[in-house]
Amino acid sequence: METLDLLLGGLGNAFTPTNLLYAAVGVLLGTFVGVLPGIGPAMAVALLLPITYGLDVTQSFILFAGIYYGGMYGGSTTSILLNTPGESASVMTAIEGNKMARNGRAAQALATAAIGSFVAGTIGTLLVAFFTPALAEVAVDIGAPSFFAIMLFSLMLVTAVLGSSKLRGFIGLAIGLTIGLVGLDLSTGQARLTGGVLALADGVDIVVVAVGIFAVGEALWIAAHLRRKPIEVIPVGRPFMDREDWGRSWKPWLRGTALGFPFGALPAGGAETPTFLSYVLERRLSRKSEEFGHGAIEGVAGPEAANNASAAGMFVPLLALGLPVTATAAVLLAAMRVYGIVPGPTLMTDQPDLVWTLLASLLIGNTLLLVINLPLAPLWARLLRIPRPQLYAGILFFASLGAYAVNQSAFDIALLLVFGCVGFAVRRFGIPILPLILGVIIGPLMEAKMREALDLSDGAVSGLFNEWLAVTVYALMVLVLVVPPVLSRIRGRSMVSEELDERTHTHG
């Protein structure tokens with residue numbers, strides 16, 4: 001009951017004309033940026049982060065809530081109309097959504113994606129409101145060794161389990177951790193990896209890193225593969241769903257929400273796995289499974305709901321533990337640090353007004369997303385007709401402006417270009433971006449917790465293992481690393497033995 005009262009109080013703070021205006025602007029900006037090819041919500045937030053620096057903290061995060069959900073919606077629009085997912089979590093939406101669009105049902109695909117996003121986002125945000133305080137209460141008792149272990153486990157899972165290649169994932173993580181080391185050592189004051197450049201003494205601003213990796217890296221990648229052939233855009237029409245579409249969509253929305261939220265709330269979450277599981281589940285449960293692969297509406301409704309529920313769930317570890325589990329969460333954490341806000345176990349008690357207003361603004365932004373953007377779907381589709389040279393020239397302009405606005409320093413523009421080249425390189429060699437960004441964010445936090453644990457134990461390495469939770473997390477890490485290879489080897493041996501038995505039986 002107390003949680004409900006706090007959420008209602010947050011709604012009261014957010015429900016002012018000014019705050020509602022910021023939420024609406026955030027939704028429109030997020031959709032505008034997110035609907036462009038190759039630009040997901042993480043890049044939308046990173047690109048628009050600098051424009052919030054002159055705003056009040058509460059207004060900034062209300063704007064971010066709108067940008068975040070708007071970017072998610074924009075990514076599904078691109079997936080359906082262009083078969084170009086803005087992020088990996090939208091891949092499953094693109095499979096059936098683009099087939100629906102090519103069959104003349106683009107309107108229905110966009111409608112079920114938007115309504116599914118609204119349902120999953122609303123339920124997910126309410127679950128965040130009820131789960132986060134409970135997790136924060138438990139997290140208050142977690143010591144530095146356990147926090148270090150949880151952060152290490154989070155990085156390991158995101159890097160080794162969720163990526164397609166473990167080696168490439170760890171290379172991305174190593175790059176991110178190296179960037180996070182740049183600056184002065186907090187204990188000794190010794191300069192690290194600065195190359196004698198005084199401007200790097202305070203470290204590299206995460207905004208410059210994020211905008212460089214996402215925006216400039218994407219622009220350079222597109223420029224390197226640019227073709228003069230115009231993009232084929234499928235006409236949208238007015239988004240509507242008939243009774244059969246509603247009947248086939250509402251259960252996948254709920255099932256997708258139930259699958260997506262736990263994955264987002266885990267400190268090693270991610271939306272790729274639940275969207276895939278949702279797609280497989282809907283294919284098995286559907287009465288019209290023969291339509292899958294040819295434009296089944298369940299294949300859009302379920303994965304899109306799972307994607308957005310996972311996106312809402314990521315606020316649980318972000319607010320309660322200070323752990324970003326997605327690239328978008330990492331950028332939001334960077335925004336909080338800019339304002340001097342430190343997410344973690346004490347945030348709910350130190351700044352309750354901010355937290356509950358943020359959660360309330362997520363509900364408002366999610367509602368405005370549906371009300372404003374559903375009728376505007378044909379308009380957003382027209383943005384896709386902008387020629388790519390002009391489109392990415394504009395993105396580079398705003399990226400440079402945003403990087404300069406951080407410290408009003410021309411040096412940051414040079415850094416932006418450097419990280420843009422890094423972004424291009426990681427795309428070229430198939431290195432995942434998420435471990436890189438998380439390495440930049442979590443690396444310094446891990447170092448601080450590790451040093452705190454070692455200081456408490458007078459430098460003894462056993463100080464990293466002297467809590468039962470830390471030992472449990474390390475045991476889980478060993479299981480996650482060891483069990484999958486062992487199982488795959490056992491399966492490989494069993495397959496070989498079966499083949500040998502078949503050959504023996506055939507020859508016999």
Side-chain angles (χ1 to χ4, degrees), residues 31 34-35 69-70 72-86 89-124 233-260 271 274-311 366-381 384:
T31 308
V35 82
Y69 280 130
M72 296 290 293
Y73 173 79
S76 66
T77 302
T78 310
S79 298
I80 291 167
L81 296 181
L82 282 182
N83 199 25
T84 307
S90 298
V91 170
M92 305 313 295
T93 303
I95 292 174
E96 299 298 329
N98 189 250
K99 289 287 195 310
M100 285 183 68
R102 293 184 181 279
N103 293 338
R105 286 171 52 80
Q108 288 77 12
L110 288 171
T112 194
I115 298 170
S117 299
F118 168 76
V119 171
T122 301
I123 295 173
V233 182
I234 299 164
V236 176
R238 287 290 166 189
F240 73 95
M241 295 169 62
D242 58 24
R243 182 175 294 181
E244 182 187 357
D245 292 331
W246 279 94
R248 293 177 60 181
S249 294
W250 71 271
K251 288 181 182 178
W253 291 336
L254 297 179
R255 286 192 289 259
T257 302
L259 276 172
T275 53
F276 174 75
L277 291 176
S278 175
Y279 182 82
V280 172
L281 179 64
E282 296 309 325
R283 187 166 189 164
R284 289 189 176 181
L285 295 179
S286 176
R287 294 179 181 177
K288 298 185 178 182
S289 58
E290 69 279 358
E291 287 188 16
F292 277 78
H294 304 283
I297 195 168
E298 296 93 336
V300 179
E304 194 60 26
N307 185 11
N308 280 267
S310 176
N366 201 31
T367 305
L368 286 175
L369 176 70
L370 189 69
V371 173
I372 294 175
N373 278 337
L374 202 55
L376 292 178
L379 174 65
W380 297 126
L384 302 173

*Note, R255 side chain near L285 side chain (heavy atom, < 4.5 Å)*: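 Of all side-chain heavy-atom pairs linking L285 with R255, at least one is under 4.5 Å.
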I need the minimum non-hydrogen distance between [X] and [Y], along with the two atoms involved.
X	Y	value
G70	L369	CA-CD1, 3.8 Å
A109	G97	CB-O, 4.1 Å
P252	A305	O-CB, 4.3 Å
A309	G256	CB-O, 4.4 Å
E304	A113	CG-O, 3.6 Å

Checking the side chain of [X] only, and the main-chain atoms of [Y] only, is there a donor and an acceptor separated by less than 3.5 Å?
X	Y	answer
T122	F118	yes
S278	G302	yes
N103	K99	yes
E96	A296	yes

Point-to-point distance, once rounded to the nearest 0.5 Å, from [atom1] of [X] to [atom2] of [Y]:
X	Y	atom1	atom2	answer
L110	M100	CG	CE	9.0 Å
L370	S117	CG	OG	9.0 Å
I372	T367	CD1	OG1	10.5 Å
T112	R105	OG1	CZ	9.5 Å

*Please list, chain by chain and in numerical order, all residues satisfying salt bridge (Lys or Arg N to Asp or Glu O under 4.0 Å) with R283, sequence neighbours excluded.*
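If we apply the salt bridge (Lys or Arg N to Asp or Glu O under 4.0 Å) test to R283, skipping adjacent residues, there are no hits.
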*How would you list, by chain and number, every residue that makes a ring pair (Phe, Tyr, Trp, His ring centres under 6.0 Å) with W246, sequence neighbours excluded?*
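Result, ring pair (Phe, Tyr, Trp, His ring centres under 6.0 Å) vs W246: W253.
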